[in-house]
Amino acid sequence: MTINDYRVLFGWSKRQMAREAGIDANTLANAIAGKPVYRVSVGKIANAINQELMRQGKEPIKYTDLAGVAFAD
């Protein structure tokens, strides 16, 4: 699944997802658009996703499981 797939699944706005991940909204927008972002930022997004998945009783993901992500480093 993509970052945006998870965002929609959780009912989060882009602003809320960025806030949950502790990253800038522009960084999130770049990640969703497939533009290169640093692994640390993708890790923060994955951590936010995992927190919500665990709240729902689902298995966590690895940041490398996110489809369509381009890494800058």
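Starting from 1, each residue takes its place in the sequence as its number. The figures that follow rest on heavy atoms only: side chains count, while hydrogens, waters and symmetry mates do not.
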In short, salt bridge (Lys or Arg N to Asp or Glu O under 4.0 Å) pairs touching residues 31-47 with sequence neighbours left out are Arg39-Asp73
Check which hydrophobic residues are tied to Trp12 through side-chain heavy-atom contacts below 4.5 Å, counting indirect links as well, and list them.
Met1, Ile3, Tyr6, Leu9, Phe10, Met17, Ile23, Leu28, Ile32, Val37, Val42, Ile45, Ile49, Leu53, Ile61, Tyr63, Leu66, Val69, Phe71
Set of side-chain hydrogen bond (donor to acceptor under 3.5 Å, both in side chains) partners for Arg15, sequence neighbours left out:
none
Suppose we screen for side-chain hydrogen bond (donor to acceptor under 3.5 Å, both in side chains). Which residues come up paired with Lys62, at least two apart in sequence or across chains?
none
Name all residues meeting the ring pair (Phe, Tyr, Trp, His ring centres under 6.0 Å) criterion together with Tyr38; count only those two or more places apart in sequence or in a different chain, and write none if there are none.
none
Least distance between heavy atoms, Gly34 atom then Ala70 atom:
O-CB, 3.4 Å
Counterpart residues, side-chain hydrogen bond (donor to acceptor under 3.5 Å, both in side chains), relative to Asn4 (two or more places apart)
Arg7
Rounded to the nearest 0.5 Å, what separates atom CZ in Arg55 from atom CG in Asn50?
10.5 Å
The side-chain hydrogen bond (donor to acceptor under 3.5 Å, both in side chains) partners of Glu20 (sequence neighbours excluded) come to none
Sequence-distant partners of Glu59, side-chain contact (heavy atoms from CB on, under 4.5 Å), two or more places apart:
none
Using distance alone, with no hydrogens and no angle criterion, decide if Thr2 and Asp5 have a side-chain donor and acceptor under 3.5 Å apart.
yes
Side-chain heavy atoms under 4.5 Å apart, restricted to Ile/Leu/Val/Met/Phe/Trp/Tyr: what other residues fall into the cluster of Met54, or is it alone?
none
